[in-house]
Amino acid sequence: MNTHKTYTEAELRYLRMLAHQYPTVRSAGTEIINLQAILNLPKGCEHFISDVHGEHEAFLHILNSCSGVVRERLDVLFANSVPRAELDQLATLIYYPEEKLEELKPQIDDMDEWYRITLHRLIELARLVSARYSRSKVRKALPADYAYILEELLHTHSDEIDKRDYFENIIRTIIDIGQAPDFIAALCSLIKRMAVDHLHLVGDIFDRGPRADIIMDSLMNYHSVDIQWGNHDILWMGAASGSRTLVATVLSNSIHYNNLEVVETGYGISLRPLSVFANETYADCDTSRFAVKLTGDDARHYSEKDKLLSARMHKAITVILFKLEGQKIMRHPEYGMADRLFLDKIDYANKCVTIDGVKYTLEDTDFPTVDPADPYKLTAEEDAVIRELTRSFQRSEKLQRHVRFLYSKGSLYKIYNGNLLFHGCIPMKEDGELLSFTLSGEALSGKAFLDYADKAARQAYYLKKDTDERKVGLDLLWFLWAGRNSPIFGRDRMTTFERRLIADEHAWTEKKNAYYTLYEDPAICGSILREFGLEGPHCHIINGHVPVKAKKGESPIKGGGKLIVIDGGFCKAYQPTSGIAGYTLIYNSHSFRIVAHQPFAGRERAIRDNFDISSTTNVFELLEHRQKNDETDIGHELHIRIEDLRRLLDAYRDGVVKEDHQRAARMLDADE
């Protein structure tokens, strides 16, 4: 005997809304069958990248090659049948289809035959990389212009006798009507889309490299991505949110490293207010300690006049920065950073300053805008300059679009398929206890502190201007960037003042948080994972931020395999320290493997010479069995969806929700 189930009003409202999507017993039942089938497909490939630091060419190459996954699949299919040089060319074609085609056309005698062979190979590769997905998911990923033809080719094999002519006729027609180049580009896009199911970018998109904005554009066009904010991302988020201190920091860093292309060209922010002010105010000042770092062609192309202007601008914005940072530190005694106030401690007569009880000689005390009686007060001119620059950051439509994306896809940490992702560290004491931060009158540590900081970071951008909550959020963004033992900075101090004004490098020391020693201990890693509700043989901490000194034998795998450091090492300035160009991580249905990369020779050489990044893969953890979607976070969501649909079936059968066959017919017509 069938007994009727009980339904709350809230449940009935939800089921009636669900019925709009599945208006009949048949449609709901069909979806249950589909979802159950998806649960039994292999888990998709996850790709982890960190610390790209504006190096857009190297990043895009790693993204296009999927850290070697594309090349690996090519080898599976063709290593024994296609010459190595042709495989190199085919890989480059997949990475850069339009550019490689243009480069190849003058070199090939029979272009139609080349198209035919290449299309066959690309279709075979596309078939291989899409095999782990449902037809529905593959269909949604197909480029709209060629979706029908691509679907036919993917599911029609040229060696099937009954379909051979059909298959070959499609290929021949594509070539005859001049659509081969576009079709090849569509196939290459599909292959890259199917090779990696989801991308994790574990922080530091911005700074040092030339064009972080190009990286952001590519991420916004990527099919599935999440971002864990790095300290350099927080810096730009704060600047875009209206923090004058972080605007000054962005500009001080960008001028110092001669990296203004992203500011001026990428985001269209004019530095004229700063250049005019600096030329007038610092015309007769010593700026030798603020000389811009120039390398290679930059050093040859910069005139002495350019160098002098850059140094003046650098000094002007850095003095403004010191003042604004001092104001923040005094406004927030709970930050515990009073020892980082220096402008009021300068001994101008003896040209020195005392830091932590040690007296250091200052190389520069020529600060025309600093009033020793009130050193942290901006002059009227400084205030006008920094306000105008801040308005420019807030008015940059492209920057605002990118920062909104960072907020929508990003967070301070993420838990995904049993792994804990964050950029920097979980602040700890030397004894292994979590370090506590007292903010808003409450002591917070570990997960609770990161949750608080994540919320405050969003308030800094989304709340109304001039509200107390927004001001607190803006100040906390600065603390996350440079605050003592901040989870994305991870040091006890940022020694910008010392580096600019003191020659003695002993004053430049930035002590790392205890986390960076303790994370070698598997027990410590286990305790951090438990803090975030994770426990099990295949749970890991994945972070970046600190380059791994591979040339000194350091391993990126810490804590007995429980923690993996994937600082990408993309930034050329860090590569002498690490000895390589860093690491990326691949997690597929079979294993975890870390990929070590050598420096990238450049996009032009990659296209011209089929030059790939030299990489070494290390499978450091094998799974006991091939992992299915059923065992992932997506699987958990699908189980919930299935239970909801089963409940809808019960509601249909009990008569509390009515089937709508007319709606089902309309939906079918719309799909067709």
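Only heavy atoms go into these numbers, but all of them, side chains included; no hydrogens, no water, no symmetry mates. Treat the numbers as computed from the prediction; the structure is a model and nothing was measured. Starting from 1, each residue takes its place in the sequence as its number.
Side chain of Arg458 to backbone of Gly473: no donor-acceptor contact under 3.5 angstrom is found. A donor-acceptor pair under 3.5 Å links the side-chain atoms of Thr318 to the main chain of His314, judged by distance alone. The backbone N or O of Lys307 lies less than 3.5 Å from no partner atom in the side chain of Ser310, so there is not a single donor-acceptor pair. A donor-acceptor pair is defined here as one N or O able to donate and one able to accept, closer than 3.5 Å; no such pair exists between the side chain of Lys328 and the backbone of Leu324. Proximity of a side-chain donor or acceptor of Ser50 to a complementary backbone N or O of Asp567 within less than 3.5 Å is not detected. Ser243 contributes a side-chain N or O that, together with a main-chain N or O of Leu246, makes up a donor-acceptor pair within less than 3.5 Å. No side-chain donor-acceptor contact under 3.5 Å links Asp475 to the backbone of Val472. Side-chain N or O atoms of Thr354 include none that pairs as donor or acceptor with a backbone N or O of Gly357 at under 3.5 Å. A donor-acceptor contact shorter than 3.5 Å links the side chain of Asp204 to the backbone of Asn231.
When ring centroids are compared, Tyr407 and Trp229 come within the 6.0 Å threshold. Aromatic ring centres of Trp236 and Tyr267: separated by under 6.0 Å. The distance between the ring centers of His232 and His53 falls below 6.0 angstrom.
Ser445 and Ser436 are not linked by any side-chain donor-acceptor pair at a separation below 3.5 angstrom, with hydrogens and angles left out of the test. Side-chain contact of Ser303 with Asp306: a donor-acceptor pair under 3.5 Å is present, judged by distance alone. Glu334 and Thr438 share no donor-acceptor pair across their side chains, judged by distance under 3.5 Å alone. A side-chain donor from one of Asp226 and Gln228 sits under 3.5 Å from a side-chain acceptor of the other. Using modelled atom types, one finds no donor on one side chain facing an acceptor on the other under 3.5 Å when comparing Asn485 with Tyr515.
Within 6.0 Å of the NZ atom in Lys455, the count of heavy atoms belonging to other residues, nucleotides or ligands does not exceed 12. Residue Asp284 places its CG atom among 12 or fewer non-hydrogen atoms of other residues, nucleotides or ligands, all under 6.0 Å distant.
Put simply, the side chain of His545 does not reach to within 4.5 Å of the side chain of Cys425, judged on heavy atoms. Looking at heavy atoms from C-beta onward, His256 lies out of side-chain contact with Val292 at the 4.5 angstrom threshold. Counting heavy atoms from C-beta on, the side chains of Leu389 and Leu271 come closer than 4.5 Å. With contacts defined as side-chain heavy-atom distances shorter than 4.5 Å, the pair Tyr583/Ile564 does not qualify. For the pair Asp217 and Leu219, the minimum side-chain heavy-atom distance is 4.5 Å or more. The shortest distance between side-chain heavy atoms of Ile346 and Val370 does not fall below 4.5 Å.
Across all non-hydrogen atoms, the minimal contact from Lys323 to Tyr376 is CB-O, 3.7 Å. Nearest heavy atoms, Phe59 versus Ser218: CE2-OG, 3.4 Å. In terms of heavy atoms, Asp286 sits closest to Asp366 at N-OD2, 3.3 Å.
Atom CG of residue Asp344 and atom CG of residue Asp374 lie 10.0 Å apart, to the nearest 0.5 angstrom. Here the CG atom belonging to Leu362 is positioned 14.5 Å from the CZ atom belonging to Arg500, to the nearest 0.5 angstrom.
For Arg395, the side-chain contact (heavy atoms from CB on, under 4.5 Å) test picks out Glu388, Arg391, with sequence neighbours left out. The salt bridge (charged side-chain N to carboxylate O under 4.0 Å, His left out) test applied to Arg312 returns no partner, not counting sequence neighbours.
For the pair Arg208 and Tyr257, the distance from NZ or CZ to the six-membered ring centre is under 6.0 Å and the angle to the ring normal is within 45 degrees.
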